[in-house]
Engineer: 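Here's a structure for you.
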Amino acid sequence: MFRQFRSEVADALGDALASLDLPTDDLGIERPPDDMDATLASSVAFRLAGEVGAAPPSVAADVAEAVDVAGYDYLAAVDTAGPYVNFHAGERYLADTLDAAAADPDYGTLPDRDASVVVEHTSANPTGPVHVGRARNPIVGDAVANLMEYAGYDVDRHYYVNDAGRQMAVFTWAYERFDESDLDTDPARDRAEYDLVRYYRKGNAFLEEADPAEVDAAEEGISAILQGLEAGDEETYERVGEVVDTVLGGMKECLARLPAEFDEFVKETRFMRDASTDEVAARLKETDQAVYEEDAWQLELDEWGIEKNLVFLRSDDTSLYTTRDLAHHEWKFANYDRAVTVLGEDHKLQADQLGATLELLGNDTDRLGHVIYSYVNLPDGKMSTRRGTGVMLDDLLDEAIDRAREAVESRMDDRIRDDDLTAEDVERIAHQVGIGAVRYDIVSKQPAKAITFEWEDALDFEAQSAPFVQYVHARCAGILSEAAAAGVEVPGVTADADGVVDVDALDVDGAVFETEAARELLREVARFPAVIETAADDLEPHTIATFTREFADAYNAFYRECPVVTADDEELRAARVALVAAAKHTMANALDVLGVEAPESM
RNA sequence: GGGCACAUAGCUCAGCUCGGAUAGAGCGUCGGACUUCUAAUCCGACGGUCGUGGGUUCGAAUCCCACUGUGCCCGCCA
């Protein structure tokens with residue numbers, strides 16, 4: 001609704017300016033401050049004041065006078081407040097919003113764009129347990145993927161597996177070289193990646209500490225693995241693959257707890273085996289930017305503002321990570337309309353080089369998108385799988401669930417409420433709130449900002465956090481089930497088990513719009529699809545979290561002022577039940593984008 | 001040394017892409033509201049040189065420049 005209203009305002013204002021022979025290139029349409037009773041406003045009068053030769057308020061009055069609201073569905077009135085032209089939506093705007101959102105559990109989903117997008121995220125090297133330093137990636141990445149789906153894209157989620165590098169060669173060598181008896185620790189958790197990471201750490205420690213002769217022998221073994229991969233040796237692929245798949249299997253289980261699921265795990269070696277990396281390298285050699293210096297093939301990318309040469313073939317003619325990633329991205333372009341990658345800021349230069357080189361190879365890099373996030377660090381330094389430092393994501397999630405469970409239980413004791421929560425309910429709520437709080441805390445912040453991990457901050461359920469917005473959903477669900485269970489007769493309006501309300505017979509011109517709190521809530525509901533659209537266009541899922549907070553404020557004001565089940569008359573009750581259903585769908589879907597569960601009760 | 005980010009209330013953060021109405025929330029502090037559809041809620045008060053300095057503009061937290069501080073990157077590693 002908001003999107004149509006916004007387009008109506010643009011049309012009406014454009015026509016008005018044209019009729020006054022004024023430029024229409026900058027309409028200055030914006031959202032007015034919260035306390036202003038207008039749906040949209042324009043600051044165009046400021047810019048036209050000089051041209052017209054009159055003060056902005058006078059220009060605004062002339063413009064408002066020239067706007068013709070006839071013929072528009074939602075644009076009902078125009079007035080001015082000083083230099084601003086304010087646009088007001090009519091009753092039908094709110095009525096249609098109520099109608100659309102109450103009846104549609106998928107409210108907020110935009111029309112199919114007939115375009116596919118691959119969202120690549122996480123892609124952590126399969127060397128061991130997922131630690132909190134990396135956790136921003138799956139949480140932001142999953143939200144970006146969800147967001148694109150809501151925005152009408154056909155989305156695939158990919159995890160790019162770096163299975164061709166030295167790290168995996170070292171890991172494979174160490175796994176084969178050492179036995180359980182060589183290790184001095186037990187696995188921190190009974191899962192594959194916790195088991196195998198011990199070999200990886202043991203191998204790395206060995207390479208640092210062992211006698212030079214032993215290290216030389218080890219390096220020979222590692223080198224043999226790397227050469228086997230490069231030569232396309234099947235046996236080597238199998239040896240490395242066993243380690244990669246086993247560790248990755250464990251990491252998948254950890255990520256599934258968030259939950260973050262993937263449609264495909266794309267292995268780097270795939271682009272070595274199918275010869276596409278060689279093909280990319282051959283094409284790069286033919287470009288004007290290719291130079292052969294210091295025995296290696298390089299690209300001069302200074303046209304793209306990158307001073308550092310990019311080596312794409314080593315002196316022994318083997319490929320590098322970036323060369324393979326080029327083949328990987330051309331494969332993405334061949335299969336998808338857009339490719340979005342979520343990656344840490346340490347990969348920024350590499351991403352810039354990749355983009356420049358893809359353009360050089362003739363690709364349309366407008367199809368490429370990046371979400372760059374800054375790492376989560378510990379108060380006293382970085383997290384490292386190799387060194388074994390860091391807080392594991394599993395431990396954070398466990399602790400979050402434990403603390404959430406304590407909170408549920410203490411609230412049941414301390415509070416005056418008619419709870420009939422079963423033990424299963426407590427456990428469900430603990431999971432929903434605990435994991436939701438971790439995700440919400442991370443996804444609600446701008447990814448570019450650095451975060452230092454502190455247990456207390458990460459697990460604070462009081463601050464603007466998941467339970468605050470989840471509670472709104474639980475309140476909606478409570479009212480709807482209350483209305484249904486109490487057998488409240490609401491003509492034309494029935495809420496089924498999923499909270500879907502049939503509003504066909506609802507008199508939407510009814511009293512629901514008399515209360516300002518209800519109108520304000522409906523305006524927030526109306527805004528949701530536009531919020532999805534903007535967030536998807538900008539790849540900014542954190543703006544959805546901001547929306548959930550603003551939406552929660554509007555809902556809580558409505559909740560305070562407008563009794564629903566006990567409303568005075570049937571028509572009002574029916575309309576408010578529909579509004580609650582609309583609010584529930586809005587919040588449920590906003591939370592769904594964020595990957596945060598929407599509890600029916602809490 | 002060069003490049004890319006970030007800096008907003010005591011603390012944690014929105015707002016910046018595309019300049020516009022009194023810079024917004026939460027936490028903390030202080031004071032209120034549960035015989036009421038769930039108080040994980042709500043209401044009120046206190047709290048700001050928007051890092052510093054310049055510039056552009058009718059108008060700058062927002063755009064430009066310089067500086068300071070912090071993070072990240074600058075390998076024939078991934």
Side-chain angles (χ1 to χ4, degrees), chain A residues 26 28-30 32-36 41-47 49-50 55-56 81-84 125 127 162 164-168 268 294-298 305-308 311-316 318 320-322 324-325 344-350 352 372 374-375 377 404 407-408 411 414-419 429 433 441 444-446 448-452 454 457 460-472 474-483 486 534 537-538 540 542-543 545-546 549-550 552-553 556-557 559-560 562-567 576-577 580 601-602:
Chain A
D26 184 357
I29 295 171
E30 58 197 60
D34 290 340
D35 54 357
M36 190 57 66
S42 170
S43 58
V44 73
F46 285 109
R47 278 178 292 289
Y84 293 91
N125 293 340
T127 51
N162 306 141
R166 180 180 158 83
Q167 283 184 92
M168 292 322 299
E268 191 180 353
E294 296 171 28
D295 294 330
W297 280 98
Q298 318 192 3
I306 301 167
E307 298 305 321
K308 194 80 192 166
V311 176
F312 65 92
L313 278 183
R314 294 191 181 93
S315 46
D316 63 1
T318 59
L320 289 92
Y321 172 85
T322 312
R324 289 169 230 135
D325 206 21
E345 63 178 338
D346 53 338
H347 288 72
K348 180 70 165 64
L349 174 62
Q350 185 209 320
D352 289 343
I372 310 281
S374 174
Y375 273 119
N377 286 314
V408 178
R411 280 165 208 279
D414 300 349
R415 242 193 22 229
I416 305 164
R417 57 185 279 184
D418 269 350
D419 281 306
I429 295 166
V433 170
D441 181 56
S444 62
K445 292 168 185 167
Q446 283 187 29
K449 303 217 176 180
I451 294 180
T452 298
E454 304 275 4
D457 293 343
D460 184 358
F461 300 149
E462 294 299 326
Q464 289 169 331
S465 68
F468 171 69
V469 291
Q470 288 174 314
Y471 190 58
V472 167
R475 276 180 154 177
C476 288
I479 290 175
L480 291 180
S481 71
E482 195 76 22
T534 305
D537 287 349
D538 299 342
E540 290 186 335
H542 79 275
T543 59
T546 302
R549 278 197 285 274
E550 292 168 352
D553 287 341
N556 285 328
Y559 184 89
R560 182 177 68 247
C562 301
V564 178
V565 179
T566 56
R576 285 183 179 166
V577 167
V580 170
S601 67
M602 61 187 281

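Chain A is the first sequence line, chain B the second, and so forth, proteins listed ahead of strands; every chain is numbered from 1.
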Engineer: Between A:Gly478 and A:Asp352, which has a closest nucleotide on RNA chain B that is more 5'?
Structural biologist: A:Asp352
Engineer: Mind listing the closest non-hydrogen atom pair of A:Ser465 and A:Asp460 along with its distance?
Structural biologist: CB-O, 3.7 Å
Engineer: Rounded to the Å, how far apart are A:Ile479 CD1 and B:C37 C1'?
Structural biologist: 5 Å
Engineer: Can you measure A:Lys449 atom NZ to B:A14 atom C1' for me and round it to whole angstrom units?
Structural biologist: 8 Å
Engineer: Which pair of non-hydrogen atoms, one from A:Leu320 and one from A:Leu313, has the smallest distance, and what is that distance?
Structural biologist: CD1-N, 3.8 Å
Engineer: For A:Thr322, answer base if it contacts any base atom (sugar-phosphate contacts may also be present), sugar-phosphate if it contacts only those atoms, and nothing otherwise; contact means non-hydrogen atoms under 4.0 Å.
Structural biologist: nothing
Engineer: Dump every N/O contact between nucleotides 41-43 of chain B and the protein below 3.5 Å, one line per pair.
Structural biologist:
| unit_1 | atom_1 | unit_2 | atom_2 | d |
| --- | --- | --- | --- | --- |
| B:U41 | O3' | A:Asn556 | ND2 | 3.2 |
| B:U41 | O2' | A:Arg475 | NH1 | 3.1 |
| B:U41 | O2' | A:Arg475 | NH2 | 3.4 |
| B:C42 | OP1 | A:Asn556 | ND2 | 3.2 |
| B:C42 | O3' | A:Arg560 | NH1 | 2.9 |
| B:C42 | O2' | A:Arg560 | NH1 | 3.1 |

Engineer: Between CD of A:Gln167 and CG of A:Asn125, what distance do you get to the nearest 0.5 Å?
Structural biologist: 4.5 Å
Engineer: Pairs under 3.5 angstrom, nitrogen or oxygen only, protein versus nucleotides 20-24 of chain B, please.
Structural biologist:
| unit_1 | atom_1 | unit_2 | atom_2 | d |
| --- | --- | --- | --- | --- |
| B:G20 | O3' | A:Tyr84 | OH | 3.4 |
| B:G20 | O2' | A:Glu30 | OE2 | 2.9 |
| B:G20 | O2' | A:Tyr84 | OH | 2.7 |
| B:G20 | N7 | A:Ser43 | OG | 3.3 |
| B:G20 | N7 | A:Arg47 | NH1 | 3.1 |
| B:G20 | O6 | A:Arg47 | NH1 | 3.3 |
| B:A21 | O4' | A:Tyr84 | OH | 3.1 |
| B:A21 | N6 | A:Asn86 | OD1 | 3.1 |

Engineer: With 3.5 Å as the limit, what N/O pairs link the protein to nucleotides 72-74 of chain B?
Structural biologist:
| unit_1 | atom_1 | unit_2 | atom_2 | d |
| --- | --- | --- | --- | --- |
| B:C72 | O4' | A:Glu345 | OE2 | 3.3 |
| B:C72 | O2' | A:Asp346 | N | 3.4 |

Engineer: Mind checking the C1' distance from B:U41 to B:C64? Whole angstroms is fine.
Structural biologist: 46 Å
Engineer: Quick check: does any side chain N or O of A:Thr566 sit under 3.5 Å from a backbone N or O of A:Pro563, one acting as donor and the other as acceptor?
Structural biologist: no
Engineer: Write down the distance between CD (A:Glu454) and C1' (B:C13), rounded to a whole number of angstrom.
Structural biologist: 16 Å
Engineer: Does A:Val580 reach a base, just sugar-phosphate, or nothing at all? Heavy atoms under 4.0 Å.
Structural biologist: nothing
Engineer: Which pair of non-hydrogen atoms, one from A:Gln350 and one from A:Thr322, has the smallest distance, and what is that distance?
Structural biologist: CG-OG1, 4.2 Å
Engineer: Assign A:Asp295 to base, sugar-phosphate, or nothing according to its heavy-atom contacts below 4.0 angstrom with the strands shown.
Structural biologist: base
Engineer: Nearest whole Å is fine: how far is B:G2 P from A:Lys348 NZ?
Structural biologist: 19 Å
Engineer: Just to be sure I understand the rule, does A:Ile429 reach a base, reach only the sugar-phosphate, or reach nothing, if contact means heavy atoms closer than 4.0 Å?
Structural biologist: base
Engineer: Closest heavy-atom contact between A:Glu268 and A:Ala164?
Structural biologist: OE1-N, 3.7 Å
Engineer: Quote, to the nearest angstrom, the P distance that separates B:A61 from B:A7.
Structural biologist: 15 Å
Engineer: OP1 or OP2 of B:C13 less than 4.0 angstrom from a side-chain nitrogen or oxygen of A:His542, does that happen here?
Structural biologist: no
Engineer: Is B:U68 paired to anything, Watson-Crick or G-U wobble with both distances less than 3.5 Å, and if yes, which nucleotide?
Structural biologist: B:A7
Engineer: How would you label the contact of A:Val311 with the nucleic acid (heavy atoms, under 4.0 Å): base, sugar-phosphate, or nothing?
Structural biologist: sugar-phosphate
Engineer: On a heavy-atom basis, which atom in A:Val44 and which in A:Asp26 lie closest, and how many Å separate them?
Structural biologist: CG2-O, 3.5 Å
Engineer: I need the minimum non-hydrogen distance between A:Val577 and A:Ala483, along with the two atoms involved.
Structural biologist: CG2-CB, 4.3 Å
Engineer: Would you measure the distance from the C1' atom in B:U68 across to the matching atom in B:G54 and give it in whole Å?
Structural biologist: 15 Å
Engineer: Assess the residue pair A:Tyr84 and A:Phe46 against the criterion (ring pair (Phe, Tyr, Trp, His ring centres under 6.0 Å)); give the C-alpha distance rounded to whole Å, side-chain angles, the decisive distance to 0.1 Å, and a yes or no.
Structural biologist: CA-CA 8 Å; A:Tyr84 293 91; A:Phe46 285 109; 5.5 Å; yes
Engineer: Using a 4.0 Å heavy-atom cut-off, does A:Val433 contact any base of the nucleic acid, only the sugar-phosphate backbone, or nothing at all?
Structural biologist: base
Engineer: Measure up the A:Phe312 and A:Trp297 rings against each other and bin them: parallel (under 30°), tilted (30 to 60°), perpendicular (over 60°).
Structural biologist: tilted
Engineer: When the C1' atoms of B:A39 and B:C34 are compared, how many Å lie between them, rounded to an integer?
Structural biologist: 6 Å
Engineer: Between A:Lys445 (NZ) and B:A7 (P), how many Å, whole number?
Structural biologist: 14 Å
Engineer: Is there a side chain to side chain contact (heavy atoms under 4.5 Å, CB included) between A:Ile479 and A:Tyr559? Walk through the geometry before answering.
Structural biologist: CA-CA 10 Å; A:Ile479 290 175; A:Tyr559 184 89; 3.9 Å; yes
Engineer: Would you mind classifying the nucleic acid contact of A:Cys562 as base, sugar-phosphate or nothing, using non-hydrogen atoms under 4.0 angstrom?
Structural biologist: base
Engineer: Provide, to the nearest angstrom, the distance between the CE atom belonging to A:Met168 and the C1' atom belonging to B:C77.
Structural biologist: 15 Å
Engineer: Carefully, step by step, assess A:Arg549 and A:Asp553 under the rule salt bridge (Lys or Arg N to Asp or Glu O under 4.0 Å).
Structural biologist: CA-CA 6 Å; A:Arg549 278 197 285 274; A:Asp553 287 341; over 6 Å; no
Engineer: Return the value, rounded to whole Å, for the distance between atom CG of A:Leu313 and atom P of B:C77.
Structural biologist: 12 Å
Engineer: Closest approach to the side chain of A:Val564, judged atom by atom: which nucleotide of B:C37, B:C77, B:G15 is it?
Structural biologist: B:C37
Engineer: Starting at CD1 of A:Ile372 and ending at C1' of B:U17, how long is that distance when rounded to a whole Å?
Structural biologist: 16 Å
Engineer: Expressed in whole Å, how much space separates the P atoms belonging to B:G32 and B:C72?
Structural biologist: 47 Å
Engineer: In Å and rounded to the nearest 0.5 Å, what is the CE to CG distance from A:Met168 to A:Asn162?
Structural biologist: 9.5 Å
Engineer: Compute whether any side-chain donor of one residue and acceptor of the other, for A:Ser43 and A:Glu30, lie under 3.5 angstrom apart.
Structural biologist: yes
Engineer: For a quick check of understanding: with a heavy-atom distance under 4.0 Å over all strands, which category does A:Ser315 fall into, base, sugar-phosphate or nothing?
Structural biologist: base
Engineer: Side chain of A:Arg314 only, please: which of B:C77, B:A14, B:U38 is the nearest?
Structural biologist: B:C77
Engineer: Expressed in whole Å, how much space separates the P atoms belonging to B:U52 and B:C11?
Structural biologist: 15 Å
Engineer: Considering only the P atoms, how many Å lie between B:C18 and B:A5, rounded to the nearest integer?
Structural biologist: 14 Å
Engineer: With a 3.5 angstrom cut-off on both distances, give the Watson-Crick or G-U wobble partner of B:U22, or none if there isn't one.
Structural biologist: none
Engineer: Using a 4.0 Å heavy-atom cut-off across all strands, classify A:Asn125 as base, sugar-phosphate, or nothing.
Structural biologist: sugar-phosphate
Engineer: Would you mind pulling out the nucleotide paired to B:G31, Watson-Crick or G-U wobble, both distances under 3.5 Å?
Structural biologist: B:C43
Engineer: Select from A:Asp441 and A:Ala407 the residue whose nearest nucleotide in RNA chain B is closer to the 5' end of that strand.
Structural biologist: A:Asp441
Engineer: Any heavy-atom pair between the side chains of A:Gln464 and A:Ser444 that's under 4.5 Å?
Structural biologist: no
Engineer: For atom C1', what is the distance between B:C50 and B:G24, given to the nearest Å?
Structural biologist: 12 Å
